[in-house]
Amino acid sequence: MNIADRIQNLRKVNGISQEELADKVGVSRQAVSKWESEQSVPDIDKIVIMSEYFNVTTDYILKGIESQKQGSEKAVNANVFVIVATALNFIGLITACAVWYEKQVAMALVIGLVFMAVGCMVFGVGFLNSSQNTKGNAKRNFWAANIWLLCFIPFSVVYNGLFSRFTAPYPLLTRPPVTFLSFCLVYLAVCGSVAYIQIKGRKSERGRQ
């Protein structure tokens, strides 16, 4: 593996396009393309910038030599925290709905929201301490999945507040079907739009790689 292969491998492993790498390093996309196709070699100052960005040593980019620290202390992929946060948010929603169904107490909302708050905190803290180059995709993955979970209870509370005297974590069918249909349409429109934007952005990034 030569320097061109190592630059390309670092870029692809970290899920960024040639254009994004060019922006980070301060060159054109064509320059990055030439580096990866062995038509030219990056200047030493660009290699230093790339080593800091990819959290590797300049020796690794130039010669393929990994430092002992680099081999043992690699930053965690931010998508790990997306999975944990999504699981906590899902548990919060299911628990809130189950408690309300059994006991019809406002504590059901508190339990659900606490779980979701913890889930968001896990993602936030993990996101800050994870690999820099996995953050973009992780943020899109988080919102594409969790917008559906995080909006369900607030939307349900508003719906129930308008059409009943209860504050349940899911929409209560106390009104004609048309009101529930309105809830579904608004919920799907808002959450679907956010999820679509995130998925489209993720595909666009992959298409530029």
Any donor-acceptor pair under 3.5 Å from [X] side chain to [Y] backbone:
{"X": "Asp43", "Y": "Asp45", "answer": "no"}
{"X": "Asn14", "Y": "Leu10", "answer": "yes"}
{"X": "Ser33", "Y": "Arg29", "answer": "no"}
{"X": "Arg6", "Y": "Ile61", "answer": "yes"}

> Please walk me through it: do Val27 and Val32 pass side chain to side chain contact (heavy atoms under 4.5 Å, CB included)?
Replying inline: CA-CA 7 Å; Val27 298; Val32 174; 3.9 Å; yes
Side chains of [X] and [Y]: closer than 4.5 Å at any heavy-atom pair?
{"X": "Val48", "Y": "Thr58", "answer": "yes"}
{"X": "Met116", "Y": "Asn146", "answer": "no"}
{"X": "Phe166", "Y": "Gln104", "answer": "no"}
{"X": "Tyr60", "Y": "Phe54", "answer": "no"}

Cluster question for you: counting only ILVMFWY and a side-chain heavy-atom cut-off of under 4.5 Å, with indirect links fine, are [X] and [Y] together?
{"X": "Val114", "Y": "Met121", "value": "no"}
{"X": "Val13", "Y": "Val25", "value": "no"}
{"X": "Val125", "Y": "Val82", "value": "no"}
{"X": "Ile44", "Y": "Ile3", "value": "yes"}
{"X": "Ile197", "Y": "Tyr187", "value": "no"}

>> Tell me every residue that passes side-chain hydrogen bond (donor to acceptor under 3.5 Å, both in side chains) with Tyr53, counting only those two or more places apart in sequence or in another chain.
In response: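 If we apply the side-chain hydrogen bond (donor to acceptor under 3.5 Å, both in side chains) test to Tyr53, skipping adjacent residues, the hits are Asn133.
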> Only one of Leu149, Ile147, Leu150 clears side-chain contact (heavy atoms from CB on, under 4.5 Å) with Cys191; which?
Replying inline: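 When side-chain contact (heavy atoms from CB on, under 4.5 Å) is applied between Cys191 and each of Leu149, Ile147, Leu150, only Ile147 qualifies.
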> With respect to Phe123, which candidate in Trp143, Phe81, Phe142 satisfies the ring-ring contact (aromatic ring centres under 6.0 Å, His included) definition?
Replying inline: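 Answer after filtering Trp143, Phe81, Phe142: Phe142.
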>> Would you call the rings of Phe180 and Phe183 parallel, tilted or perpendicular, taking 30° and 60° as the class edges?
In response: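 Aromatic pair Phe180/Phe183 classed parallel.
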Enter the distance from [X]:[atom1] to [Y]:[atom2] here, rounded to the nearest 0.5 Å.
{"X": "Gln198", "Y": "Lys139", "atom1": "CD", "atom2": "NZ", "result": "8.5 Å"}
{"X": "Glu52", "Y": "Ile47", "atom1": "CD", "atom2": "CD1", "result": "12.5 Å"}
{"X": "Leu21", "Y": "Lys12", "atom1": "CG", "atom2": "NZ", "result": "12.5 Å"}
{"X": "Leu62", "Y": "Asn2", "atom1": "CG", "atom2": "CG", "result": "12.0 Å"}
{"X": "Thr86", "Y": "Ile91", "atom1": "OG1", "atom2": "CD1", "result": "11.0 Å"}
{"X": "Ile94", "Y": "Asn89", "atom1": "CD1", "atom2": "CG", "result": "12.0 Å"}

> Is there a donor in the side chain of Ser17 and an acceptor in the side chain of Glu19, or the other way round, less than 3.5 Å apart?
Replying inline: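 Side chains of Ser17 and Glu19: no pair found under 3.5 Å.
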> Looking only at side chains, do Tyr159 and Ser182 share a donor and an acceptor under 3.5 Å apart?
Replying inline: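 Looking only at side-chain atoms, Ser182 and Tyr159 do not form any donor-acceptor pair under 3.5 Å.
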Minimum heavy-atom separation for [X] and [Y], please, with both atom names.
{"X": "Cys151", "Y": "Pro154", "answer": "O-CD, 3.4 Å"}
{"X": "Pro171", "Y": "Ser156", "answer": "CD-OG, 3.3 Å"}
{"X": "Lys135", "Y": "Ser130", "answer": "CE-O, 3.7 Å"}
{"X": "Gly112", "Y": "Ala96", "answer": "CA-CB, 3.8 Å"}
{"X": "Trp148", "Y": "Ala195", "answer": "NE1-CB, 3.7 Å"}

>> For a side chain to side chain contact (heavy atoms under 4.5 Å, CB included) check, start with the C-alpha distance between Thr95 and Val99, then their side-chain angles and the critical distance, and finish with the verdict.
In response: CA-CA 6 Å; Thr95 303; Val99 171; 4.1 Å; yes
>> If you count heavy atoms of other groups shown closer than 6.0 angstrom to NZ of Lys46, is the number above 12?
In response: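 Check passes, neighbour count above 12.
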>> For the NZ atom on Lys34, are there more than 12 heavy atoms of other groups (residues, nucleotides or ligands in this structure) within a distance under 6.0 Å?
In response: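 Check fails, neighbour count at 12 or below.
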> Trp35 and Arg11: side chain to side chain contact (heavy atoms under 4.5 Å, CB included), yes or no, with the steps?
Replying inline: CA-CA 12 Å; Trp35 296 344; Arg11 179 178 63 78; over 6 Å; no
> Who are the side chain to side chain contact (heavy atoms under 4.5 Å, CB included) partners of Thr167, not counting sequence neighbours?
Replying inline: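 Leu109.
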>> Using the ring centroid of each side chain, check whether Tyr170 and Phe152 are separated by less than 6.0 Å.
In response: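 They do not qualify: ring centres at least 6.0 Å apart.
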> Could you go step by step and tell me if Leu173 and Phe163 meet the side chain to side chain contact (heavy atoms under 4.5 Å, CB included) rule?
Replying inline: CA-CA 9 Å; Leu173 302 179; Phe163 299 110; over 6 Å; no
